[in-house]
Student: 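Got a structure for you, written out below as structure tokens; questions coming shortly.
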Amino acid sequence: MNHKNIIIIGNGMVCYKFCEKLRSNSSDFSITVFGEESVSAYDRVHLSDYFNGKTPEDLALAPMNWYQQQDVRLYLGDPVTSIDRVRKTVTALSGRTASYDYLIFATGSSAFVPAISGLEKHGVFVYRTLEDLNMIRDYSRKAKSAAVLGGGLLGLEAAKALLDLGIYNPAVIEFAPRLMPRQIDPAASRVLQSQLELLGLRILLNKNTSSIDGQEAISAISFDDGTKMPADMLVISAGIRPRDELAKSCGLETGSKGGIVVNEYLQTSDPDIFAIGECALAGQTIYGLVAPGYEMASVVAANLSGSSKQFNGFDMSTKLKLAGVDVASFGNYFLGEPHCRTITFEDTQKGIYKRINISNDGKHLLGGILIGDAGDYNMLMQTTNNQIVLPAAPESLIIGTRDTNSSAQGINALPQEALICSCEGITKGAICNAVNEQNCENLDDIKKCTKAGTGCGGCVPMIKDLINYALKAKGRQISNTVCEHFDYSRQNLYDLIRIHNIKSYNEALDQLGNGDGCETCKPLVSSLLASIWNEMILKRGNDTAQDSNDRFLANIQKGGSYSVVPRIPGGEITPDRLMTIASVAKKYNLYTKITGGQRIDLFGAYLSDLPLIWEELIAAGFESGHAYGKGLRTVKSCVGSTWCRFGLHDSVSFAIRIEERYKGLRAPHKFKSAVSGCIRECAEAQSKDFGIIATEKGWNLYVCGNGGSKPQHALLLAADLDSETCIRYIDRFLMFYIKTADPLTRTATWLNKMDGGIEHLKDVVVRDSLGMAAQWELEISQLVSNYRCEWKEAVENPEIRKRFRYFVNAPEEKDPSIQFEKMRGQKKAAEWTTA
Amino acid sequence: METNTNWLAACRIEDAAEDGGVCVKHGDIQIALFYFKRRNEWYATQNECPHRKQMALSRGMIGAATGEPKVACPFHKKTFSLNTGACLNGDDCENLKTYPVKLENGTVYIGINPKS
């Protein structure tokens, strides 16, 4: 077959989409692309992420070998300079010529630059391409002040980029009396402005720039009201201009305000030439968003491949994050009375504004605006686009919290043809189908299978809801069951074990599970038993259901020896006790090291020596430090008001009290705490699962912090508490965590996954929204009163003590395979084989 | 076969760990002996985990994967079949050496090949 030649001018997002669509329809074309930029198509929507650490490779829509695989000839850095429509050839800057059967303009747009004097000065940039961003980044290193011209969507993106580059308090200059005048209403502009000012932007309104001043480089900007402002740098981001100059020069019809005129098939005045994306003027409109551009690409690709498709306008609903602030508008958002009824909600403290426009009969949603919280955007847009009949009290759509129930009902009401991903044109039906027929179970599967959610990403939350909805409809429980032996979640097992008064692993397996158990469910059930009853974990039969470290009440180390960590509450220790530790360490030849939790770790103990070591430690008054268990580790403290001249309260005493209260308490994972005596925070309480900081009036309680591989600051749960209230809140917090967290989930991750986040946690713990507070406080007090030092019990019980023998048939012998090496006057474990 | 096997008296039944392992010394060799009480089964394997050459399997948790009895090493949770000694994680760990076990008059015996 004689392949038709297709040439595309411009290698942007829309060109990429066109190649992809055309290739998936047909391989009967020879495709050639001429790109002006030196890099292949990248994600311009998320361009400002470039200053947030994204690399050009991250932003690229496809790697270079994609074009080879798709048999697309790609010439980069070689813009087309002329077109011969009679011979049907194009000539590029390099002199390269090529002939076409069909020519596609995907030239996009350039930054609109108003005519101001001084544009040529150093330090004046536009914000459009990766190359622009590179120049801005380089120049910003020596700039102390900077401004952005344009308070629209692109201008605010650029201003955020300047913030990310470390420019202090960049200014946004807007000609109109408010921000984003074309996208949102005045009240929304006001809320957006105050949020952006909080983030460190300076907003100048009603400013008409008259000149850019300075010698070689910009030093100031003058306005026509006679005012002037110093600036070392100016980024112009005041709108876009369709790139239609090439089309104009070869005689194609263009609009008076720019744009290549196209019909509903995206054909220009020459039927063999098409225009798609931001360069196309379709129905007198330039569509400056990626989704309609993609739709145009798919229309042309379909028509060239023999199907028939039209482009008849596009829903311009959008959801964006501008400098971290949600900004969304959908449907007919500017409609006002008397054409509709309007409901607005405004919370100036949280920076939230919501407006919905409702038909006069109260039946349908016509459009709206969301600032600060666009969590409901997808559902509201779907409600508008699919003309879903509204509830009797439509204000509930924007007021109150979104619970999962109502969101599930909302999804259920959507028709199969509801367009979920407008970038890729994927419907609810297609997503549900992918779940049902192609066994997609998560977002990644859906992305691979349908491409939904791969464009602007705005629909991703709704796709997730849809996956869960479809999985449920399929009768498949979203699986968070423990393992093949227990068909329950950890949370269900917790309740069942308590209700059935189950005290051992084997009882749990017999009554609630099946089969013979495994290394997943054994420690999990053992941890639940310990969390619920706080009985000795090594009772006969339960010992072998413990994780190895719990089974021997010590941490196994490289080579098979163990470490010993006595509890040192609050990090306070007497000289006599230090001498005990020293003499035990010497006697049993142990390596000693101070831990991060303000205690002392003794390494290199033989299994069979553990009871002897602990016998001596216990005789001197030490207790188990539970360094081996999933439970309370340490409560770190600074020295506090007893010695420190800044200390507000006695942080050491409070830390000891907390550590004594929760020692031995087992949880889904380990947890740590700290108490600081003042705001200088020397105990680093904000990196702990719960941390306490003294204030003038009492204690601030922070929760769900984490150090480790994913550090996360703890969040304030309650402020200025007296000691008793603080402990009560910790009781509730810990019980809520113990009852509801997934296995091996630290408090930080638990909170990250919690619907409603810290506000929900505050509701439960502080405001007792579940009505569980009294019961949890009671349960904790029972656990506290059941506490026994398990090492004390172990050394006093001959039957348990026997289990620390290394050889069952040679009780006196130590493990002969353990080897140590010397380092800095102490021993260390021999390296292990990595074969 | 039976005539070639030397039987090592390892321990009394009550000295073994219920649903767990103990370590048995045989000269310079360490053997992990498992009493799978729920299934009333006994197994013996080498004590050394082939992954990082740690003498640790007797301290591992035992269990079953779709009925196949297994032990998980306490160091990195590699799992091995107690029946065949095969590594069940699908990576290239060597198989465990396994030993026969028998009970007589309350004593647990492990079958040692005289050549080993």
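The basis for the numbers below is simple: all heavy atoms, side chains too, and nothing from hydrogens, waters or symmetry mates. Naming convention: chains lettered A, B, ... in sequence-line order (proteins, then strands); numbering from 1 in each chain.
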Student: If you tally heavy-atom pairs under 4.5 Å against chain A, which of B/Ala9, B/Ala65, B/Gly60 wins?
Tutor: B/Ala65
Student: State, with a plain yes or no, whether a side-chain heavy atom of A/Val808 is found less than 4.5 Å away from one of B/Arg12.
Tutor: no
Student: Taking side chain as everything from C-beta outward and backbone as N, CA, C, O, which of these in A/Asn506 sits under 4.5 Å from a heavy atom of chain B? Side chain, backbone, both or neither.
Tutor: both
Student: Below 4.5 Å from any heavy atom of chain B, which atoms of A/Glu484 appear? Answer side chain, backbone, both or neither.
Tutor: side chain
Student: Does any backbone or side-chain atom of B/Ser58 lie under 4.5 Å from a heavy atom of chain A? Answer side chain, backbone, both or neither.
Tutor: backbone
Student: Taking everything shown except A/Lys792 itself, do over 12 heavy atoms lie less than 6.0 Å from its NZ?
Tutor: no
Student: Are more than 12 heavy atoms, taken from residues, nucleotides or ligands other than A/Asn501, located less than 6.0 Å from that residue's CG atom?
Tutor: yes
Student: Nearest 0.5 Å please: distance from the CD atom of B/Glu68 over to the CG atom of A/Asp516.
Tutor: 11.5 Å
Student: Please state whether the side chain, the backbone, both or neither of A/Glu813 comes within less than 4.5 Å of a heavy atom of chain B.
Tutor: side chain
Student: Before you tell me yes or no, could you show the steps for B/Phe75 and A/Gln557 under side chain to side chain contact (heavy atoms under 4.5 Å, CB included), namely the whole-Å CA-CA distance, both residues' side-chain angles and the distance that decides it to 0.1 Å?
Tutor: CA-CA 8 Å; B/Phe75 275 92; A/Gln557 304 291 346; over 6 Å; no
Student: Would you indicate whether the side-chain heavy atoms of A/Thr520 and B/Lys77 approach each other to under 4.5 Å?
Tutor: no
Student: Shorter than 4.5 Å, heavy atoms on both sides: which option in B/Val24, B/Asp15, B/Ile62, B/Leu8 has the most such pairs with chain A?
Tutor: B/Val24
Student: To the nearest 0.5 Å, how far apart are CZ in B/Phe36 and OG1 in A/Thr544?
Tutor: 10.0 Å
Student: Just verifying a value: how many Å separate A/Ile556 CD1 and B/Cys73 SG, rounded to the nearest 0.5 Å?
Tutor: 7.5 Å
Student: Check whether A/Tyr505 gets within reach of chain B through its side chain, its backbone, both or neither, counting any heavy atom under 4.5 Å.
Tutor: neither
Student: For B/Gly63, is there any backbone N or O sitting under 3.5 Å from a side-chain donor or acceptor partner on A/His485?
Tutor: no
Student: Hey, what do you get for CG (A/Leu509) to CZ (B/Arg38), rounding to the nearest 0.5 Å?
Tutor: 4.0 Å
Student: Please state whether the side chain, the backbone, both or neither of B/Asn47 comes within less than 4.5 Å of a heavy atom of chain A.
Tutor: side chain
Student: Do B/Gln30 and A/Tyr806 make a side-chain contact, defined as non-hydrogen atoms from C-beta onward lying under 4.5 Å apart?
Tutor: yes
Student: Tell me, do B/Arg52 and A/Lys558 make a side-chain contact under 4.5 Å, heavy atoms counted?
Tutor: no
Student: What do you reckon, is CG of A/Asp445 surrounded by more than 12 foreign heavy atoms closer than 6.0 Å?
Tutor: yes
Student: So which part of B/Ala72 gets closer than 4.5 Å to some heavy atom of chain A, the side chain, the backbone, both or neither?
Tutor: side chain
Student: Measuring from atom CG of A/Asn809 to atom CG of B/Leu33, what distance do you get when rounded to the nearest 0.5 angstrom?
Tutor: 9.5 Å
Student: Where is the tightest heavy-atom contact between B/Arg59 and A/Gly560, given as atom of each residue plus distance?
Tutor: NH1-O, 3.1 Å
Student: Identify which of B/Glu18, B/Lys37, B/Met61 forms the greatest number of heavy-atom pairs closer than 4.5 Å to chain A.
Tutor: B/Met61
Student: Please determine, among A/Ala810, A/Gly559, A/Pro523, the option with the most heavy-atom pairs under 4.5 Å with chain B.
Tutor: A/Gly559
Student: For B/Glu14, I'd like to know if atom CD has over 12 heavy atoms of other residues, nucleotides or ligands within 6.0 Å.
Tutor: yes
